[in-house]
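Remarks on the structure that follows.
Positions are given from 1, in the same order as the sequence printed here.
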Amino acid sequence: MSARLIDRPLLAPPARRGYLLPRIVAALALAFACGAHADDGLAVRLRSLEAGLHGHPQRARSELAALAPSADAAPAAQRRYAYALYGQAHVLTGNTADAADLADRLADEAARTHDPATEATALLIRGAIESAIGDAARSAALAREAHALAVRAGDNNLRYWAALSLGTTARTRGHTEAAMASLQEALSLADAADDAYRRSSVLYQLAWLQHGLRNGPAALAASLAAYRDGEAARSAYAMANARMAESGVMELLGRPARELAAMEEALAIARTSRSEVAEARALVNLSDIRLRRKQHAEALDLARRSLSLARTAGDPALVATSKANAGFALLGLSRVAEGKRLVDEAVTEYERTGATAEIAELVGEYGRGLEQVGDFKGALALFHRERKLNDEIAIQTRQRALLEVQEKYETDRRNQEIALLARENEVKTAEIANRVVMQRIWWLLAGLFAISFAVVTVLYRKLRQTNALLAGKNAELSVQSTRDPLTALYNRRYFQSFVASGDAHRQPRRGHGDNLASALLLIDIDHFKETNDRFGHAIGDAVLVAVSDRLRATLRDTDIVVRWGGEEFLVYATTGADRVDDIAARILRAISAQPITLDGQVVRTTMSIGYMAMPLPPATTPLSWDRAIGLVDMALYMAKVNGRNRAYGIKRLVRDDDEVLAAAERDLEHAWQSGLVELHVLYGPSPASGVSANVSTFEDADPPRAAGIPASRRPP
């Protein structure tokens with residue numbers, strides 16, 4: 001659990017998702033880099049200030065203030081360039097009031113002169129201010145309005161700034177497609193200007209966009225290209241940021257040695273630039289690496305050093321991210337109260353930005369941290385919150401896609417109408433030139449064209465409707481083939497396909513020291529036939545739906561929950577090898593602790609569970625799925641015959657050979673009595689009292705005398 005910094009409006013995204021370049025206002029200087037090509041001293045000085053602005057904003061602000069009189073007498077393009085730099089220097093140094101005054105003056109000038117370029121400059125400065133105070137949505141809206149004005153004015157420099165701002169904001173808010181389109185436009189404009197510094201900035205953003213899409217090769221190529229362009233521009237600041245991006249890609253590609261080396265190189269370059277901001281970013285990203293390697297003391301020291309530099313520089317992004325990393329390090333050192341305080345402060349700062357994708361990542365990482373220190377209630381609340389934020393991103397993506405399709409359709413329709421009008425004008429011109437001979441012929445051609453257009457339009461609309469219906473039917477068939485129609489859980493066919501694909505035996509890569517296992521649980525509702533007989537099948541179906549909802553709420557989104565058949569459910573989850581029992585205990589509590597109330601009827605429901613870890617110790621390779629499901633089915637049977645409302649877990653076999661496994665498959669209870677198998681049993685809470693499940697271990701106990709657990713072995 002950790003937080004790294006990427007380029008974004010105010011704060012950096014959480015949890016191993018990248019590093020920081022300057023804020024959105026970084027694009028402001030770049031927007032005018034080619035706007036002053038004159039070989040005079042002012043243009044040269046402004047380009048020099050642009051390159052050092054973000055590493056040393058206080059110094060740049062003082063020098064720009066001294067250059068203001070010269071800028072007032074300069075040509076319009078250079079004047080906009082100078083004041084754009086001055087406006088972002090105000091924002092970078094925390095003087096948002098001065099930046100707002102400058103934007104107001106430019107807006108007044110644009111209103112007097114009716115100059116769209118000056119108005120766009122004012123809007124972009126205001127967007128930088130909104131970004132700095134944490135309103136990413138407002139910043140994006142202002143950049144979008146400025147982009148339209150820049151296109152109208154034909155100013156490619158302003159178009160570049162607006163496109164880079166839109167792309168960066170869209171990426172931090174989880175709008176992947178919009179981010180890709182805007183960043184590609186910005187890269188094309190940078191190539192047209194042949195500006196290495198601009199290319200480095202856009203390639204850096206593209207590297208992190210590809211990183212978010214888990215496209216490692218493309219992200220690595222973009223980060224290396226960003227470094228080359230930063231080197232060509234002689235910008236130590238850009239080179240350091242490119243190395244930070246490369247380090248993040250190496251984490252994605254699973255190359256830890258190169259990940260650490262790239263970040264240490266970034267720190268060395270940042271110190272060479274003598275920029276407190278750059279050094280603080282490198283330190284906070286190094287703390288992230290140490291956190292993921294469980295080196296909590298080193299991570300805490302690095303985070304505190306970055307926090308000190310961030311406070312000196314007055315950078316709220318660095319302050320918040322440093323607090324998050326320091327908090328995670330304290331949680332790892334079991335200093336829970338201190339850690340939660342710092343992480344809560346960081347989350348509050350992130351929430352000010354409105355960057356939904358980044359908030360979701362930080363909240364999820366925080367939840368996993370609380371889970372590791374035993375605060376399961378807090379972790380569960382954060383996991384639900386993360387899922388809600390991800391659902392919001394998905395809804396926004398679907399809405400945006402629909403709007404884009406509608407806009408494309410309207411654009412095509414308008415283009416067709418324009419083409420038709422142009423053709424009709426040609427026809428009318430020909431009629432005037434040869435009115436006597438060609439009049440009837442041209443009218444005939446015009447009529448044929450109109451009929452053809454009408455036929456094509458009707459066919460096109462029918463084709464669109466047919467495609468839409470076909471897409472809807474395909475989606476319905478896909479859901480029906482993999483989902484149970486009553487509970488909306490996965491069905492047996494889906495799980496069989498999942499097993500056949502081999503994905504079930506592929507473990508996700510974790511940090512050093514993790515002991516991962518797959519948990520397989522077979523669950524059966526106790527006395528379900530009696531429920532149907534007593535309350536009717538409608539209530540029985542409602543009980544199945546309610547149990548399914550509780551299973552979904554109890555388990556993670558990544559766990560697979562299957563309606564195995566009738567009142568049986570199967571759960572497949574990946575977790576720590578020592579936490580398989582916890583999953584079964586949570587399910588017992590979730591189902592049994594509270595009765596299900598349906599239409600005034602109170603149905604007290606309990607579950608019996610058979611479960612095991614995969615691979616099953618002492619084996620190191622998983623069993624075949626037929627054998628694994630057979631074993632948990634036998635464990636489920638033992639839970640049913642020994643009193644129900646309990647879970648029997650197969651902990652290990654005495655030996656890893658076919659003889660022991662065959663004995664367990666023939667008669668699990670007899671194998672346990674013979675000392676060939678070690679079992680766990682978990683007792684569910686009383687449906688009336690809600691008492692938590694207890695765990696009983698039979699590793700050293702004598703086996704039971706009969707089919708159930710002997711009275712001396714049963715918990716009170």
TODO: Report yes if the side chains of Val603 and Phe535 come closer than 4.5 Å at any heavy-atom pair, otherwise no.
DONE: yes
Open item on the list: Do Gln594 and Arg550 have side chains that approach each other closer than 4.5 Å (heavy atoms only, starting at C-beta)?
Closed with: yes
TODO: Would you sort out whether Glu568 and Arg563 count as a salt bridge (charged side-chain N to carboxylate O under 4.0 Å, His left out), showing the intermediate values?
DONE: CA-CA 6 Å; Glu568 284 191 340; Arg563 186 180 178 191; over 6 Å; no
Task: Nearest heavy-atom neighbours spanning Ala671 and Ala664 - done: CB-CA, 3.9 Å
Open item on the list: Measuring from atom CG of Leu598 to atom OG1 of Thr531, what distance do you get when rounded to the nearest 0.5 angstrom?
Closed with: 10.5 Å
Open item on the list: Is it the case that over 12 heavy atoms from other parts of the model lie below 6.0 angstrom from the CZ atom of Arg534?
Closed with: no
- [ ] List the steps, then state whether side-chain contact (heavy atoms from CB on, under 4.5 Å) holds for Leu551 with Ile587.
- [x] CA-CA 7 Å; Leu551 287 174; Ile587 292 174; 3.7 Å; yes
- [ ] State, with a plain yes or no, whether a side-chain heavy atom of Val543 is found less than 4.5 Å away from one of Val547.
- [x] yes
Open item on the list: Counting C-beta onward and ignoring hydrogens, is there a side-chain heavy-atom pair between Glu251 and Ile289 closer than 4.5 Å?
Closed with: no
- [ ] Evaluate the side-chain proximity of Thr620 to Asp656: yes if any heavy-atom separation is below 4.5 Å, no if none is.
- [x] no
TODO: Considering only NZ, NE, NH1 and NH2 on the basic side and carboxylate oxygens on the acidic side, decide whether Arg341 and Glu338 come within less than 4.0 Å.
DONE: no
Open item on the list: When you measure from the side chain of Arg492 to the backbone of Trp564, do you find a donor-acceptor pair of N or O atoms at a distance under 3.5 Å?
Closed with: yes
Task: Audit row: Arg290, Leu260, side-chain contact (heavy atoms from CB on, under 4.5 Å) steps and yes/no - done: CA-CA 9 Å; Arg290 296 302 182 188; Leu260 180 59; 4.1 Å; yes
Task: Point-to-point distance, once rounded to the nearest 0.5 Å, from CG of Leu209 to CE of Met180 - done: 4.5 Å
- [ ] Give the C-alpha distance, both sets of side-chain angles, the deciding distance and a yes or no for salt bridge (charged side-chain N to carboxylate O under 4.0 Å, His left out) between Glu259 and Arg293.
- [x] CA-CA 12 Å; Glu259 176 195 11; Arg293 299 182 181 189; 3.7 Å; yes
- [ ] Could you tell me the separation between the CG atom of Leu220 and the NE2 atom of His211, rounded to the nearest 0.5 Å?
- [x] 11.0 Å
Task: Electrostatic pair Lys529:Asp533 at N-O distance under 4.0 angstrom - done: yes
- [ ] Take Leu679 and Met638 through the test side-chain contact (heavy atoms from CB on, under 4.5 Å) and record every step on the way to the result.
- [x] CA-CA 11 Å; Leu679 300 180; Met638 288 185 66; 4.0 Å; yes
Open item on the list: Looking at every heavy atom in both Met612 and Ala628, which two are closest together, and how far apart are they?
Closed with: SD-O, 3.8 Å
Open item on the list: Looking at Tyr637, I'd like to know if its OH atom is crowded, meaning that more than 12 non-hydrogen atoms belonging to other residues, nucleotides or ligands lie closer than 6.0 Å.
Closed with: no
Task: Minimum side-chain heavy-atom gap Ile596-Ile591 below 4.5 Å - done: no
Open item on the list: How close do Val654 and Gly675 get, counting heavy atoms only, and between which atoms?
Closed with: CB-O, 3.9 Å
- [ ] Quick one: closest heavy-atom pair of Ala219 and Ala207, and the distance?
- [x] CB-O, 3.4 Å
Open item on the list: Check this for me, if you would: do Arg552 and Asp549 make a salt bridge, where the nitrogen-to-carboxylate-oxygen distance has to be below 4.0 angstrom?
Closed with: yes
TODO: Any chance you could measure Asp524, atom CG, to Leu570, atom CG, to the nearest 0.5 Å?
DONE: 12.0 Å
Task: Main-chain N/O of Thr574 paired to Arg556 side chain as donor or acceptor, under 3.5 Å - done: yes
Open item on the list: Would the distance check show the side chain of Ser674 and the main-chain N or O of Leu676 forming a donor-acceptor pair, the cut-off being under 3.5 Å?
Closed with: no
- [ ] Count the heavy atoms belonging to other residues, nucleotides or ligands that lie under 6.0 Å from CZ of Arg255, then report whether that count exceeds 12.
- [x] no
Task: Euclidean distance, Arg214 CZ relative to Gln210 CD, rounded to 0.5 Å - done: 12.5 Å
Task: Minimum-distance pair of heavy atoms, taken over all atoms of Gly610 and Ala635 - done: CA-CB, 3.7 Å
Open item on the list: How close do Ala613 and Ala517 get, counting heavy atoms only, and between which atoms?
Closed with: CB-CB, 4.4 Å
TODO: Mind checking the CE-CG spacing from Met634 to Leu636? Nearest 0.5 Å is all I need.
DONE: 11.5 Å
Task: Side-chain heavy atoms of Asn491 within contact of Arg483, under 4.5 Å - done: no
- [ ] Please state whether the rings of Phe495 and Phe498 are parallel, tilted or perpendicular, taking 30° and 60° as the class boundaries.
- [x] tilted
Open item on the list: As a test of understanding, state which of Leu588, Asn645, Ile583 forms a side-chain contact (heavy atoms from CB on, under 4.5 Å) with Ile609.
Closed with: Leu588
Open item on the list: Any side-chain to backbone donor/acceptor pair from Arg604 onto Pro595? Under 3.5 Å, distance only.
Closed with: no
Task: Heavy-atom side-chain contact between Ser501 and Val499 under 4.5 Å - done: no
TODO: Please step through side-chain contact (heavy atoms from CB on, under 4.5 Å) for the pair Phe569 and Leu489, ending with a clear verdict.
DONE: CA-CA 9 Å; Phe569 302 86; Leu489 297 176; 3.7 Å; yes
TODO: Check the side chains of Thr482 and Tyr490 for a donor-acceptor pair under 3.5 angstrom, ignoring hydrogens and angles.
DONE: no
- [ ] Ignoring hydrogens and angles, state whether a donor on the side chain of Thr605 or Asp526 is under 3.5 Å from an acceptor on the partner side chain.
- [x] no
